[in-house]
2 protein chains.
Amino acid sequence: MRRDVFQAIADPTRREIINMIAQHPLNVNAVAENFEVSRTAIYKHIKMLTECGLVVITQFGRERYCEARLERLAEVADWVEQYRKVWTERLDNLENFLDDLETKKRKPGRKKG
Amino acid sequence: MRRDVFQAIADPTRREIINMIAQHPLNVNAVAENFEVSRTAIYKHIKMLTECGLVVITQFGRERYCEARLERLAEVADWVEQYRKVWTERLDNLENFLDDLETKKRKPGRKKG
DNA sequence: TATAAACGCAACCTTTGGGTTGCATTATAT
DNA sequence: ATATAATGCAACCCAAAGGTTGCGTTTATA
């Protein structure tokens with residue numbers, strides 16, 4: 001069972017669930033009521049979210065409140081952010097690299113430096 | 001076919017591929033050589049990455065160079081960033097909310113579970 | 001106490017995901 | 001012209017994903 005945050009947020013329903021409880025906790029049924037699919041389907045999504053730490057459940061009587069552990073998204077944020085500089089500064093890697101490559105191949109002369 | 005960036009980066013192999021070509025383009029075989037699985041498996045991953053715009057392919061002779069379109073990750077960055085304030089400021093939603101809830105439901109006698 | 005609400009979860013189904021082997025195609029090299 | 005490198009892709013396999021129905025359990029309430 002691969003249970004990482006990346007996979008957890010891959011499903012749009014789960015992203016919606018996270019969004020739904022980001023502001024304040026909701027019990028399982030309350031979450032499920034906001035979707036067309038069955039309570040069991042939502043339950044499974046929530047379970048998966050708990051398995052990767054994105055959601056924590058606290059029981060109150062017969063209700064179980066789902067709280068979002070948004071700090072778990074830091075892993076995703078970090079991964080994405082490492083590339084931000086590359087895409088914002090638009091290093092034109094492709095053109096440079098392929099230009100180089102073409103030059104190298106077409107002419108046996110020295111590569112760029 | 002759900003082909004969105006969130007799903008694309010859900011797979012660790014695909015994240016590795018992105019990382020591998022983030023700095024400079026590589027042809028399909030060059031990418032595949034870095035993995036244990038077959039070239040076809042990698043080809044499929046690359047295809048999926050192109051289908052959601054995360055990778056663009058440019059052909060040079062018999063080689064096809066894969067370039068990462070990292071700006072597509074902005075969608076992920078945006079989604080995650082909207083929650084950063086919540087998790088960094090640690091609004092203690094759970095405690096507040098559930099404390100409230102307990103107070104409302106229970107009689108004045110406080111008891112912690 | 002009986003009933004209903006709020007679950008957890010097994011059993012089952014269908015589609016998708018990720019992998020493989022094998023072969024056809026195109027471009028480069030000999 | 002022929003061999004080989006780089007690749008696309010069909011056909012197939014198996015496990016996982018996402019869904020359903022149904023039922024048991026625990027807790028609140030009439």
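Letters A, B, ... are given to chains in the order of the sequence lines, protein chains preceding strands, and every chain is numbered from 1. No experiment lies behind these values; they were computed from the predicted model shown.
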Hey, are the side chains of A:Phe35 and A:Thr13 touching, using non-hydrogen atoms and a 4.5 Å cut-off? yes
Just so I know, are the side chains of A:Ile21 and A:Cys66 near enough to count as touching, which here means a heavy-atom distance under 4.5 Å? yes
Compare side-chain N and O positions of [X] against OP1 and OP2 of [N] and report whether any pair is under 4.0 Å apart.
X       : N      : value
A:Arg14 : D:dA17 : no
B:Ser38 : C:dT20 : yes
A:Tyr43 : C:dC7  : no
B:Arg3  : C:dT16 : no
A:His45 : D:dG19 : yes
B:Gln7  : C:dG17 : yes

Nearest-nucleotide check on DNA chain D, B:Thr40 vs A:Glu36; residue mapping nearer the 5' end is B:Thr40
Quick one: [X] [atom1] to [N] [atom2], roughly how many Å, whole number?
X       : N      : atom1 : atom2 : value
B:Tyr65 : D:dA5  : OH    : P     : 16 Å
B:Ile46 : C:dG17 : CD1   : C1'   : 17 Å
B:Gln59 : D:dA5  : CD    : P     : 18 Å
B:Ile42 : D:dA6  : CD1   : P     : 16 Å
A:Phe60 : C:dC7  : CZ    : C1'   : 16 Å
B:Arg39 : C:dG19 : CZ    : P     : 15 Å
A:Lys47 : D:dA16 : NZ    : P     : 15 Å
A:Ile17 : D:dG19 : CD1   : C1'   : 13 Å

Side-chain donor-acceptor pair under 3.5 Å between A:Tyr65 and A:Glu63, yes or no? yes
Polar contact flag, side-chain donor to acceptor under 3.5 angstrom, B:Tyr83-B:Glu81: no
Out of [options], which nucleotide sits closest to the side chain of [X]?
X       : options                : answer
A:Glu63 : C:dA6, D:dG22, C:dT21  : C:dA6
B:Lys44 : D:dA11, D:dG19, C:dT21 : D:dA11
A:Met48 : D:dG18, C:dA10, C:dC7  : D:dG18
A:Arg62 : C:dA27, C:dC9, D:dT27  : D:dT27
A:Thr13 : C:dG17, C:dC9, D:dG19  : D:dG19
A:Asp11 : C:dG17, D:dG18, D:dT7  : D:dG18
B:Asn29 : C:dT21, C:dC9, D:dT7   : D:dT7

Position toward the 5' end of DNA chain C (nearest nucleotide), B:Val37 or A:Asn27: A:Asn27
On a heavy-atom basis, which atom in B:Ile18 and which in B:Ala68 lie closest, and how many Å separate them? O-CB, 4.5 Å
Where is the tightest heavy-atom contact between B:Leu54 and B:Ala8, given as atom of each residue plus distance? CD1-CB, 3.9 Å
